[in-house]
Each structure stands twice: as structure tokens, then as C-alpha cells.
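Below you'll find the structure, written out as C-alpha cells, and then a few comments.
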Amino acid sequence: MNFAWSELQLEIRALAAQLLRDHAGPEHLSALEASGKRLDRQLWAELKPAGLTAIPLPETAGGAGLGFQEAGLVFEQLGAHVAPVPLIGHTLAAMALQRASGDELAASQLEGEGWLACSTRREGNTLRLDDGRLSGQLGAIAHGEGSDAVVLPARQGDDWFLCVVKPGAVGLSWQGQVSTGLEPRGLLQADSAPVEILGDAAMLAWLEQRQAAAHCMAQVGVVGAALQLAREHVCEREQFGVKIGSFQAVAHRMADAWTDMMNLRMAAEAAVVALDRQEDAELAVRSAQAWSAEAGHRVLASAQHVHGGLGHDKDYPLWRYAVWARQYEMESGGLGHALEQLGRCIARDPEAALL
Amino acid sequence: MDVDFSPEQRALRDEFRAYMRGIMTPDLREELAQPLATEGGGPLWRQAMRQMGSDGWIGLGWPREWGGRGYGPIEQYIFIEEVTRAGLPFPYLTTESIGPAIAEFASPAIRDALLPKILAGELVVAIGYSEPHAGTDMAALRTRAERDGDHYVINGQKVYTSLAHIADYVFLAVRTGDPETLPRHKGLSILLVPTSAEGFSFTPIYTVGDGETNATYYDNVRVPVENLIGEENRGWQVVTGQLNRERLTLMNPGTANLLYQQTVEHARNTRDGSGALLIETPRVQRLLASVYSQLRVLQLACRKQAWAIAQGTLDVADASAIKVYGYEAFLDCYRQMLEVLGPDGVLKRGSPGALLQGQLELIYRSVPVYGFAGGTNEIQRDLIAQFGLGLPRAKR
Ligand SMILES: Cc1cc2nc3c(=O)[nH]c(=O)nc-3n(C[C@H](O)[C@H](O)[C@H](O)COP(=O)(O)OP(=O)(O)OC[C@H]3O[C@@H](n4cnc5c(N)ncnc54)[C@H](O)[C@@H]3O)c2cc1C
């Protein structure tokens with residue numbers, strides 16, 4: 001057992017933190033959000049050469065040659081700074097391409113200034129493969145329009161496959177959507193569009209677990225940052241002539257938030273560590289998802305509550321964490337979905353789920 | 001980061017798990033199921049304790065110079081997780097907490113007399129802190145000890161002195177200082193009181209969890225000064241050290257893990273009214289998932305705590321958070337396990353048709369004690385707020 005991150009891992013996290021602090025401060029974010037589109041191409045252009053956008057890919061595939069844990073630490077910082085870049089989708093799509101098509105092709109996809117997008121969604125997904133062509137509809141693809149390629153699931157007969165399309169290909173059309181976190185999303189319509197198959201349902205499940213764990217690590221960053229703001233606020237704000245943090249009711253709500261944060265972090269870190277060792281780490285991933293939903297919901301409610309009116313003021317940074325915590329909470333269906341999937345997993349192999 | 005035990009630690013765990021299967025004979029289980037024997041004290045329980053002592057399983061984490069096996073906190077934690085999983089009521093406080101306090105603070109005579117007996121599984125020590133008027137605010141305690149030559153003379157009353165009815169000694173917190181010049185925690189001392197001493201008596205307090213704890217009375221009880229643990233009026237230091245050591249044992253998920261396993265087995269072998277296996281139904285799957293996600297994170301947090309103790313980096317707030325969370329998790333998980341069993345889950349042991357030998361029925365009514373045992377959760381939340389978050393201290 002060793003519950004500490006290595007020095008290299010801590011350096012990567014610090015590098016990501018510094019870059020994001022410098023280039024994605026609250027004022028910068030406000031300006032960007034006023035433009036209506038939460039996508040920062042300049043910041044993306046900073047992250048790419050720093051090697052932070054393809055961490056878990058082999059160097060021969062244009063990556064940093066590190067593990068999913070290291071990627072997770074960068075996702076955490078993405079969340080902590082609510083940075084408006086397509087980092088998670090890009091990293092996951094690149095992992096899928098490399099796994100399906102090998103290092104060389106992945107490396108060629110990572111060149112240039114663009115990004116890749118990724119969806120693993122099956123609910124509400126009517127995409128079908130027919131004769132090597134794609135038809136149907138899939139919504140809420142983060143940063144899909146304008147990307148270099150989109151990795152997505154589609155059905156052929158009763159089976160799911162993981163596929164890739166070029167977003168500008170003939171037969172594809174996009175309608176813009178915006179999520180609660182103001183992330184640009186796209187509703188994709190496909191009408192006999194060209195498509196390439198990357199893998200089968202097992203590969204889709206492989207990618208889905210990694211995407212879920214990535215969102216959990218980002219949630220660690222979001223929730224941690226919100227808790228930090230709340231901490232600072234209750235140490236400063238006075239009512240009735242004393243700091244509000246000295247009221248036991250406030251302090252205990254904060255302590256419970258701290259405990260939730262401890263558990264969320266433990267569960268999310270255990271998930272990314274497990275994914276570096278095992279192809280299938282569904283128990284760890286679904287547990288982390290459950291904690292991401294619970295802790296995200298509870299801690300943000302508490303953080304906003306102890307802020308009073310300030311927690312709703314768009315000139316104060318907390319609101320951003322509030323919406324992103326909800327985004328990550330609901331991204332894969334929320335607590336009910338996580339427990340449903342975890343329960344199925346336990347029922348499938350109860351021996352593996354003993355403690 | 002690596003959240004798993006090393007191969008050596010896993011081997012130790014497997015060896016000890018197999019060993020405990022031998023210790024937990026049907027006869028011993030039967031004895032432990034008798035009224036008021038749930039915490040041990042019967043002849044077979046004493047025999048099992050002595051057996052574990054002579055086989056070298058007690059004091060795994062004690063240093064060799066105290067006669068222990070010299071393992072670290074992680075192995076010690078493995079021991080506790082497995083002994084609770086086995087279902088043996090083990091006097092952890094004696095072996096994990098009081099023993100080390102005696103080794104650190106007691107006079108050589110006491111140390112040499114008592115440590116070998118604790119290691120041999122022959123000695124039980126009860127803890128006498130709480131009083132009728134001093135619970136959470138322990139520093140308000142009134143039981144007094146006056147020096148008389150080379151003895152202390154003790155007068156007062158304690159409540160909830162668990163195990164006093166089977167114990168050899170009480171690890172007793174008393175007031176020795178003048179309340180004017182040494183108020184509250186400044187005037188406390190710890191005395192080791194033999195339960196055979198003249199003037200010591202107890203009456204039972206029966207608890208909702210089928211247990212027995214005691215009110216203990218001290219009527220001019222004389223104990224030699226060598227029974228002082230630590231320095232006179234410096235007892236608070238001994239107490240806080242002891243409460244910190246208790247941490248490894250307190251929220252151990254071993255029992256919950258065992259009951260979860262048995263609940264899963266029940267769900268695999270039982271059908272609902274419509275003929276479906278319980279484990280195939282979404283309702284039961286969701287309950288099991290909720291239990292798993294909570295207990296798994298508790299297990300990880302406890303292991304991390306043991307690792308942090310081994311590294312010398314244990315954080316006060318982390319330890320308090322495990323205490324707070326562990327209780328909440330137990331309460332919620334036992335409730336959800338009982339929901340898996342359905343209405344027959346509340347049948348008591350011995351009733352025809354009782355499920356899991358009534359263990360969940362028993363534990364669900366016992367578990368609220370964890371909310372305050374070992375330091376009430378309100379104080380733990382105060383500690384998290386103060387040390388974890390740096391909040392201004394609440395007025396008390
Ligand atoms: C089964 C059992 C076994 C026990 N075994 C032992 C034993 O072996 N040895 C021993 O010495 N004691 C033992 N105890 C006693 C136990 O440690 C006390 O019950 C505990 O310290 C709480 O004290 P109290 O019961 O007086 O409750 P109180 O201190 O009166 O507390 C009542 C409530 O008030 C709350 N409260 C108190 N202070 C504050 C505060 N500052 N802020 C917010 N809330 C507060 C508490 O959290 C609690 O909810 C045992 C108790 C039980 C039930």
C-alpha cells in the first residue's frame with residue numbers, strides 16, 4: 001500500500017495547476033462566457049505543447065507515455081479551474097483511436113491545433129450502422145462540432161460498436177446545444193454518412209469506464225475548489241459580531257462537506273489507479289460515480305448555502321463550480337444510474353464484489 | 001499510488017483468516033450467542049483468548065521489546081479487520097490501546113507484571129472515564145483520589161464502565177489536583193485499579209444491544225502509587241494518547257464486511273414473491289450497490305489511515321472524518337442490508353425463520369452507540385472544522 005502520489009505525478013498536477021491558474025482565471029472566464037461560447041482556443045494551444053492533452057498515450061502515438069492516473073490528476077485540475085477546453089473528450093478519443101488503430105494513426109490525429117471529441121452515450125442514441133454508413137441521431141456531444149474527429153457509439157443489429165466520424169463529412173449535420181456548465185454541445189444528425197468502426201461493445205465499455213472515471217476526477221477538482229471558497233468565506237464573513245465559521249451549525253455542515261470530499265477523492269483516485277492495472281474496473285468506477293453524484297450534490301449545496309447571496313452572484317466564482325458539479329453529477333445519469341450499474345455488476349459476479 | 005496490501009500482507013491476512021476459522025468453533029459461537037455474552041467473558045471465550053495469546057496473535061503490532069511481534073500499523077489493522085470479520089468479541093481496547101499506554105507510561109513493576117499477561121490473552125482492562133455528570137465533557141469528572149503515604153485513596157462513581165464485570169483492572173481517570181489551582185483537565189490522573197480491591201463494586205447496566213456495561217463504585221479504594229499511569233495531574237496526556245490509538249480499531253469495517261457478504265449470499269439463494277432471485281431484482285441490486293460503495297470507501301479510508309500511521313503522517317481531521325463517516329455508513333448500510341432481508345430480518349436469533357442468525361436485527365439496534373463512543377461525532381466535527389478546515393473555534 002502506498003497512498004501517496006509520486007513526485008512525478010505531483011509535478012504533473014502542479015504544472016497543470018499553474019498553466020490553468022495563469023490562463024483561466026475568473027476574469028478571463030467571465031469575458032469568455034460573455035461571448036456565449038465556453039471554448040478557449042488560446043488555452044488549448046498552451047496545453048497541447050505542454051504535453052497535457054494526451055498523457056496516457058505512448059510517446060510513439062504522440063502522447064506523454066504515462067498512465068491514466070496521471071491523466072486523472074490533470075482532469076482534477078481541469079475541474080478545479082473549470083477550464084473551458086475539450087480536454088477529457090480529446091484524451092479519451094485519442095485513447096480509443098490508439099487502441100483501435102495503433103500508434104501511428106493516433107499520432108497523426110493528434111497533430112495540429114485541433115481536438116478530438118468523444119461520446120459513449122447509448123441512452124437516446126439512435127445511430128445505426130448500415131452497409132458501412134451511419135444514420136440516426138445523437139445529442140449532447142461535447143465540443144463535437146469543429147473537432148477533428150468524433151468517437152461515438154452506434155448500433156448494428158442488436159450490437160453496439162464504437163465508431164469514428166469526421167464532423168464535417170457529407171451526410172452529417174449539427175445543431176448547437178449548451179449544457180448547464182455552458183459547455184458547447186452538439187446534436188448530430190447522420191444520414192448515410194461515412195464512418196469507420198473502431199471496436200465492439202467491449203471496447204465501448206472499456207472507453208465508458210475511463211470516461212466515467214475522468215469525470216469523477218474532474219468532479220474532485222470542482223468540489224475541492226468549491227469547498228475551499230466556502231472555507232475562506234466562513235473564516236472571513238461576520239454576522240452577529242463573529243465569524244460565521246464559529247457557529248457550530250455552520251462548522252458542522254462544513255465538516256460534513258470535508259468528509260464527503262475525503263470520500264469522493266478516495267473513490268475517484270482508487271478508480272483511476274484500478275484502471276491503470278485492469279482493463280475492467282467497473283466496481284471501482286461505479287463506486288466513484290456514486291460518490292461523484294452524492295458528494296457533488298451535497299457539498300455544492302452546502303458551499304452555496306454558507307455563502308448566502310454571494311453563492312448566486314455571477315461576479316463571484318462559486319456559481320461556476322455549482323453548475324459544473326451538477327454537470328458532472330448528471331453527465332452519466334446521476335446516482336440512480338451509477339447504483340443501477342454497480343448493482344448489476346455485483347449481481348453478475350458476487351464473489352468479485354466481496355469486501 | 002497503490003491501495004492494495006503487499007503480497008506479504010495478503011499472505012498474513014490469509015493465514016490469520018484461516019486461523020480464526022479454527023478459533024471460532026461452534027461451541028464458542030453458541031456461548032457467544034447466550035444472553036449478555038456477546039462481548040465475551042465466558043469460559044470458552046477465555047480459552048480462545050489464551051489460545052490466540054499462546055499462538056502469538058495478540059500484540060502483532062507491539063514492538064519486540066514489549067514482547068510483541070514487531071509488525072507495523074498496517075499488519076495491526078489487518079489483524080483487527082480479520083478478527084472482527086471472524087465475529088470474535090475481542091478486547092481491542094486492552095490490547096491495542098491500554099496495553100501500549102501501560103508500556104509507555106506505567107511504572108516498571110506494573111509494566112513487567114501486566115504486559116506479558118495481556119499478550120497471553122489472560123488479562124482484560126476496563127476503561128473508567130465517564131461519570132453521571134461527565135460524559136462528552138470528561139474534564140468535568142469528580143471521582144477523587146487522595147494521596148495517603150504510598151497509596152492513593154479513591155472515592156467516587158463511574159458509569160458505562162464496559163467489561164468491568166469480567167475485567168481484572170479498571171483504567172480509571174480520577175481528579176488528584178486541587179480544583180482551584182488545577183481545574184478541569186489539568187488536575188486529572190490515571191490509576192490502574194484492580195477489580196479485586198476492597199471498596200470496589202459494580203452494578204450492571206443492560207443495553208439495548210443485548211450488552212452489559214456497568215456502574216462502578218469506589219468507596220475508599222486503596223491502590224499503591226506504583227499503579228499511577230504517567231505523572232500525577234498529567235493524566236490528560238495519557239487519555240488523549242489512548243483515544244488516538246483507539247482510532248485504528250473504532251470504525252473497522254470487518255463486521256460490516258462480513259454481514260454484507262452474508263447478505264449477498266442470502267440474496268443469491270432467496271426468491272421474492274414473484275419467484276425471482278432477490279439478487280436479480282433491481283431493488284436489491286441497488287441496495288447492495290449502495291452498501292458496497294459506502295463500505296468500500298470506508299475500507300479504503302481505514303487502510304489509508306493505517307498506512308498514514310505507519311508513515312507518521314496521520315492527520316487529526318482525517319481520523320475524525322473516518323469516525324464521523326464510519327458511523328453514518330454503518331447506520332445506513334445495516335439499514336439497507338435489513339431491507340434486502342425483508343420483514344423477517346427483524347426476527348431475533350433463536351426464532352424459527354430468523355435470517356442471518358438475527359445478526360442484522362441485533363446490530364441495527366446496537367450501532368447507534370458508535371455515534372458517540374470513542375468521542376462523540378459532534379466533537380469530531382468540531383475537530384475537522386478546526387484542524388481540517390482551519391475554521392475559528394466554536395465557543396463551548
Ligand atoms: C454501550 C456503551 C459502552 C460504553 N463504554 C464506556 C467505557 O467502557 N468507558 C467509559 O468511560 N465510557 C463508556 N461509555 C460512555 C460513553 O463514552 C459516553 O456515553 C459518551 O462519552 C457520551 O457521554 P454521555 O452519555 O454523558 O452523553 P452527553 O455527553 O451528555 O452527550 C449527549 C449529547 O450531547 C451532545 N454534545 C455534548 N457535548 C457537545 C458539544 N460540545 N457540542 C455539540 N454536541 C454536544 C453529544 O454529541 C450527544 O449527542 C459507554 C457508553 C455506552 C452506551
Side-chain angles (χ1 to χ4, degrees), chain A residues 1-6 9 69 227 230-231 234-235 242-248 250-264 266-267 269-270 272-274 276-277 283-284 286-291 294 335-336 338-347 350-351 353-355, chain B residues 1-6 9 74 253 256-257 260-261 264-265 267-268 277 279-280 282 284-290 292-301 303-304 306-308 310-311 313 317-318 320-322 324-325 328 378 380-386 388-395:
Chain A
M1 282 192 323
N2 177 7
F3 285 88
W5 296 114
S6 72
Q9 289 169 328
Q69 298 168 56
L227 184 58
R231 193 197 81 76
V234 304
C235 287
V242 295
K243 309 285 186 207
I244 58 171
S246 67
F247 297 129
Q248 203 182 42
V250 172
H252 284 193
R253 188 154 188 177
M254 291 291 292
D256 284 342
W258 197 90
T259 304
D260 266 339
M261 180 65 211
M262 173 184 83
N263 288 336
L264 164 61
M266 190 75 255
E269 291 181 351
V272 290
V273 167
D276 264 338
R277 295 187 165 191
L283 285 169
R286 298 299 183 192
S287 299
Q289 268 186 315
W291 277 104
E294 277 289 67
L335 180 65
L339 292 181
E340 179 187 56
Q341 297 300 317
L342 179 57
R344 280 186 196 163
C345 189
I346 293 170
E351 297 295 328
L354 296 181
L355 288 162
Chain B
M1 187 175 290
D2 180 0
V3 305
D4 294 318
F5 293 130
S6 70
Q9 288 161 347
I74 297 174
N257 291 349
Y260 160 73
Q261 177 176 349
V264 169
E265 277 161 20
R268 291 173 78 180
L277 272 180
I279 200 162
E280 301 296 341
V284 167
Q285 287 179 2
R286 185 180 161 127
L287 289 167
L288 294 176
S290 172
Y292 178 90
S293 66
Q294 293 183 69
L295 290 183
R296 175 60 179 161
V297 94
L298 178 63
Q299 184 178 52
L300 288 169
R303 288 179 181 182
K304 183 177 182 183
W307 170 83
Q311 304 285 307
T313 58
D318 281 337
S320 292
I322 289 176
V324 169
Y325 170 63
E328 306 283 352
E378 277 64 46
Q380 305 301 333
R381 288 184 172 97
D382 282 353
L383 293 173
I384 297 167
Q386 196 184 334
L389 289 157
L391 265 46
R393 240 190 116 150
K395 277 205 198 88

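Note on naming: letters A, B, ... go to the chains in the order of the sequence lines (proteins, then strands), and numbering restarts at 1 for each one.
- No other option in L300(B), T313(B), L288(B) has as many heavy-atom pairs under 4.5 Å with chain A as L300(B).
- Residues L227(A) and M254(A) approach most closely at CD1-CE, 4.1 Å, considering heavy atoms.
- With respect to chain A, the highest number of heavy-atom pairs below 4.5 Å among A289(B), A256(B), A267(B) belongs to A289(B).
- The residue among I279(B), L287(B), L277(B), V264(B) with the most heavy atom pairs within less than 4.5 Å of chain A is I279(B).
- In plain terms, the two heavy atoms of A255(A) and A385(B) that are nearest each other are CB-N, 4.4 Å.
- V324(B) touches chain A through its side chain: at least one heavy atom from C-beta onward sits under 4.5 Å away, while N, CA, C and O do not.
- R277(A) touches chain B through its side chain: at least one heavy atom from C-beta onward sits under 4.5 Å away, while N, CA, C and O do not.
- Heavy atoms of L298(B) lying under 4.5 Å from chain A are absent altogether.
- We find the CD-CD distance between Q69(A) and E269(A) to be 9.5 Å, quoted to the nearest 0.5 Å.
- To the nearest 0.5 angstrom, S320(B) atom OG is 10.0 Å from M262(A) atom CE.
- With rounding to the nearest 0.5 angstrom, the NZ atom of K304(B) is 10.5 Å from the CG atom of N2(A).
- Chosen from A321(B), G390(B), A301(B), the residue pairing most often with chain A at heavy-atom distances under 4.5 Å is A321(B).
- Under the 4.5 Å side-chain criterion, counting only non-hydrogen atoms from C-beta, S293(B) is in contact with L342(A).
- Contacts of D256(A) with chain B are made by side-chain atoms alone, with heavy-atom separations under 4.5 Å and no backbone atom involved.
- Ranked by heavy-atom pairs under 4.5 Å with chain B, the list P350(A), A230(A), A284(A), G336(A) is led by P350(A).
- Remark: W291(A) CH2 to D260(A) CG distance equals 6.0 Å, nearest 0.5 Å.
- Among L295(B), I74(B), D318(B), the residue making the largest number of heavy-atom pairs under 4.5 Å with chain A is D318(B).
- Contacts of Q9(A) with chain B are made by side-chain atoms alone, with heavy-atom separations under 4.5 Å and no backbone atom involved.
- Taking CG of L383(B) as the start and CZ of R393(B) as the end, the distance is 8.5 Å to the nearest 0.5 Å.
- For E265(B) and R268(B), the salt-bridge test fails: no basic side-chain N is under 4.0 Å from an acidic carboxylate O.
- For A308(B), no part lies under 4.5 angstrom from a heavy atom of chain A.
- Of the atoms belonging to Q261(B), heavy atoms from both backbone and side chain fall under 4.5 Å from chain A.
- With rounding to the nearest 0.5 Å, the separation of CG in L335(A) from CD in Q289(A) is 10.0 Å.
- Of the atoms belonging to L283(A), heavy atoms from both backbone and side chain fall under 4.5 Å from chain B.
- The parts of M1(A) that come within reach of chain B are both its backbone and its side chain, each placing non-hydrogen atoms under 4.5 angstrom from that chain.
- Y260(B) touches chain A through its side chain: at least one heavy atom from C-beta onward sits under 4.5 Å away, while N, CA, C and O do not.
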